[in-house]
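Ligands are counted one by one from 1 in listed order, and the atoms in each one are counted from 1 as well.
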Amino acid sequence: MQLEKKDIRSLSKEQLRDFFVSQGDKSFRGNQVYEWLWSKGAHSFEDMSNLSKATRQMLEDHFVINHIRVDNMQISSDGTIKNGVKLHDGLIVESVLIPTETRTTACVSSQVGCSLDCEFCATAKLKRMRNLNPDEIYDQVLTIDQQSRQNHGRPLSNIVFMGMGEPLMNYNNVQAAIDKITSDEGLGMSPKRITVSTSGIPKMIRKLADDQVKFKLAVSLHSAIEETRNRIMPFSKSFPLTDLRDALQYWYSKTKSRITFEYVVWRGINDDKASIDALVKFCKQMPSKVNLIEYNPIDDGEFQQADNQAINNYIKALESNDITVVVRRSRGKDIDAACGQLANKS
Ligand code: SAH
């Protein structure tokens with residue numbers, strides 16, 4: 001019986017160096033292979049042109065490279081690209097390239113499906129199948145960096161963990177992927193250009209703070225009224241808003257990094273004065289800003305974007321309390337690539 005070959009990218013650089021020594025070779029070969037795997041994104045041992053044929057064969061005998069493969073690519077009329085990405089076990093996740101005049105942002109997934117149950121999100125209708133490995137997260141970023149270079153003549157500039165899944169429910173792998181993305185041996189990207197978006201899990205937000213992470217944090221708030229939030233994001237019944245608030249204050253005390261609240265305004269749900277007042281009050285308890293995101297309908301019609309008047313009421317109230325508010329237009333709606341629309345439709 002043949003043993004299952006190991007994914008070579010689960011090895012650290014040290015382990016790779018040790019492997020070569022155990023094969024009677026020089027440890028620096030480990031560095032060479034590591035560079036092929038992580039900086040150059042090699043998909044096969046064949047590609048590793050500075051290794052001898054015998055060495056490449058030896059690697060082939062011991063390992064596989066479990067690379068993701070873009071299975072399906074759709075381009076929106078606004079230039080947004082959605083990648084349906086096939087994993088080594090056949091499961092599929094989606095990641096999105098979002099271009100603006102000056103930047104390219106990658107929106108990446110952290111889980112196959114999602115463990116949470118937000119009523120307004122298409123991904124939540126899928127069962128959570130599994131967490132993504134660090135290299136599967138990293139590969140989504142690398143793929144989009146390459147697409148940005150090809151299509152826009154510039155490297156990727158920003159990353160948001162706003163694709164499928166809840167990043168803080170896959171804490172270690174997301175951290176490991178970000179370590180790789182920001183290290184010189186990976187993409188050497190500044191952590192300031194990376195935003196992790198969470199639906200708000202207090203314990204894990206505290207952990208981020210204790211780990212002194214350098215990336216930015218966004219929290220999907222959508223309502224600062226307990227009852228309403230529990231209704232539209234049922235998992236949050238386990239996490240009272242006061243706990244979330246305390247965790248966010250703790251985050252700020254440790255990182256001095258302002259929190260972004262993501263917020264959709266829906267007709268009949270949170271477009272009233274009480275909701276606006278509650279949000280203003282919540283925001284005033286910590287340095288924060290608000291991104292008002294446009295709702296991307298997900299078929300069942302239960303949720304509808306509120307009218308402009310309601311949005312303007314929010315903007316007026318927040319601004320008059322010196323809270324920064326930005327209105328975010330949807331991108332890639334025509335190909336179901338916008339926030340909350342990722343559900344492997346194709
Ligand atoms: N689980 C993480 C990241 C994925 S969702 C989180 O909850 O933050 C990314 C963002 O899209 C979140 O702010 C989420 O609330 C929002 N979102 C989900 N469904 C949406 C929809 N149909 N329209 C607009 N935004 C949506």
Side-chain angles (χ1 to χ4, degrees), residues 80 82 93-96 98 105-126 128 131-132 137 140 158-171 173-174 177-178 194-202 204-205 208 215-224 228-236 239 244 247-248 251 259-267 269-270 279 288-306 311 326-345:
T80 300
K82 181 167 82 170
V93 292
E94 293 176 335
S95 55
V96 184
I98 308 157
T105 299
C107 174
V108 298
S109 295
S110 55
Q111 298 180 313
V112 187
C114 188
S115 20
L116 304 179
D117 52 7
C118 305
E119 301 281 357
F120 46 82
C121 179
T123 308
K125 313 275 177 220
L126 307 171
R128 189 201 79 105
N131 286 336
L132 294 186
I137 298 170
Q140 295 175 62
N158 297 75
I159 303 172
V160 294
F161 280 79
M162 296 186 190
M164 300 167 121
E166 169 51 48
L168 299 193
M169 302 283 252
N170 185 15
Y171 191 95
N173 291 352
V174 166
I178 292 177
I194 301 176
T195 301
V196 169
S197 175
T198 175
S199 55
I201 300 162
M204 302 318 280
I205 292 171
L208 285 177
F215 48 78
K216 294 198 198 143
L217 183 65
V219 174
S220 304
L221 191 61
H222 301 310
S223 176
T228 310
R229 195 162 192 269
N230 289 348
R231 185 152 53 88
I232 59 178
M233 302 167 83
F235 72 89
S236 63
F239 311 114
L244 180 59
L248 292 172
W251 155 272
I259 295 133
T260 299
F261 290 119
E262 295 158 277
Y263 202 100
V264 178
V265 188
W266 290 285
R267 183 175 305 159
I269 291 178
N270 57 359
L279 177 63
S288 56
K289 67 174 237 200
V290 175
N291 279 354
L292 290 179
I293 25 187
E294 205 181 317
Y295 178 56
N296 304 304
I298 57 155
D299 293 347
D300 63 5
E302 189 198 337
F303 289 86
Q304 280 153 25
Q305 168 78 34
I311 306 287
V326 180
V327 179
R328 295 252 177 244
R329 303 295 315 279
S330 284
R331 305 291 307 274
K333 242 185 191 174
D334 54 340
I335 53 168
D336 283 331
C339 281
Q341 290 187 315
L342 302 182
N344 300 337
K345 260 198 199 164

Open item on the list: Which residue and atom name correspond to the protein heavy atom nearest atom 21 (C) of ligand 1, and how close is it?
Closed with: C339 O, 3.3 Å
- [ ] Establish, from distance only, whether the side-chain atoms of E166 and S115 form a donor-acceptor pair under 3.5 Å.
- [x] no
Task: Heavy atom of the protein closest to atom 2 (C) of ligand 1 (residue, atom name, distance) - done: S197 O, 3.3 Å
Open item on the list: Any nitrogen or oxygen of I298, side chain or backbone, less than 3.5 Å from one on ligand 1?
Closed with: no
Task: Aromatic ring proximity F261/H222, centre distance under 6.0 Å - done: no
TODO: Decide yes or no for E294 and Q305: does some side-chain heavy atom of the first lie under 4.5 Å from some side-chain heavy atom of the second?
DONE: yes
Open item on the list: Suppose I only count heavy atoms of F161 and a 4.0 Å limit; which atoms of ligand 1 are within that range?
Closed with: 3 (C)
- [ ] May I ask which of E294, R328, M164 has a heavy atom nearer to atom 24 (C) of ligand 1 than the others do?
- [x] E294
Open item on the list: Looking only at protein heavy atoms, which one is nearest to atom 19 (N) of ligand 1, and what is the separation?
Closed with: G340 CA, 3.1 Å
- [ ] Give the residue and atom name of whichever protein heavy atom lies nearest to atom 7 (O) of ligand 1, and the separation in Å to one decimal.
- [x] S220 OG, 3.3 Å
- [ ] Verify side chain to side chain contact (heavy atoms under 4.5 Å, CB included) between W266 and I232, making sure each step is shown before the conclusion.
- [x] CA-CA 11 Å; W266 290 285; I232 59 178; 3.7 Å; yes
Open item on the list: I need the nearest protein heavy-atom contact for atom 23 (N) of ligand 1: residue, atom name and distance, please.
Closed with: N296 N, 3.0 Å
TODO: Specify side chain, backbone, both or neither for T198, according to which of its non-hydrogen atoms lie closer than 4.0 Å to ligand 1.
DONE: backbone
Task: Under-4.0 Å salt bridge between K82 and E94 - done: yes
Open item on the list: Applying side chain to side chain contact (heavy atoms under 4.5 Å, CB included) to I205 and T198, what does each step give before you reach the verdict?
Closed with: CA-CA 9 Å; I205 292 171; T198 175; 4.3 Å; yes
TODO: Taking only heavy atoms of S199 into account, list the atoms of ligand 1 that are under 4.0 Å away from them.
DONE: 6 (C), 7 (O), 8 (O)
- [ ] If the plane angle is over 60° it's perpendicular, under 30° parallel, otherwise tilted; pick one for F303 and Y295.
- [x] tilted
TODO: Measure E262 to ligand 1 on non-hydrogen atoms and call it side chain, backbone, both or neither using the 4.0 Å cut-off.
DONE: side chain
TODO: Any atoms of ligand 1 less than 4.0 Å from a non-hydrogen atom of C121? List them with their elements.
DONE: 18 (C), 19 (N)
Open item on the list: Heavy-atom distances under 4.0 Å decide this one: backbone, side chain, both or neither, for H222 against ligand 1?
Closed with: side chain
Open item on the list: As an exercise, identify every atom of ligand 1 less than 4.0 angstrom from a heavy atom of G165.
Closed with: 1 (N), 2 (C), 3 (C), 4 (C)
TODO: Pick whichever of P297, C114, C107, G163 has a heavy atom sitting closest to atom 4 (C) of ligand 1.
DONE: G163
Open item on the list: Is it the case that the side chains of S197 and E262 hold a donor-acceptor pair, with the cut-off being a distance below 3.5 Å and no angle test?
Closed with: yes
Open item on the list: For A124 versus C118, what's the shortest heavy-atom pair and its separation?
Closed with: CB-O, 3.4 Å
TODO: Would you sort out whether T260 and N291 count as a side chain to side chain donor-acceptor pair (under 3.5 Å), showing the intermediate values?
DONE: CA-CA 7 Å; T260 299; N291 279 354; 5.2 Å; no
Task: ligand 1 to F120 polar contact by distance, N or O atoms, under 3.5 Å - done: yes
Open item on the list: Counting non-hydrogen protein atoms only, what is the nearest one to atom 9 (C) of ligand 1? Give residue, atom name and distance.
Closed with: M162 O, 3.6 Å
Task: Polar atom proximity, Y295 to ligand 1 (N or O, under 3.5 Å) - done: no
TODO: Report the C-alpha separation of Q111 and N170 in whole Å, then their side-chain angles, then the decisive distance to 0.1 Å, and conclude whether the side chain to side chain donor-acceptor pair (under 3.5 Å) test is met.
DONE: CA-CA 7 Å; Q111 298 180 313; N170 185 15; over 6 Å; no
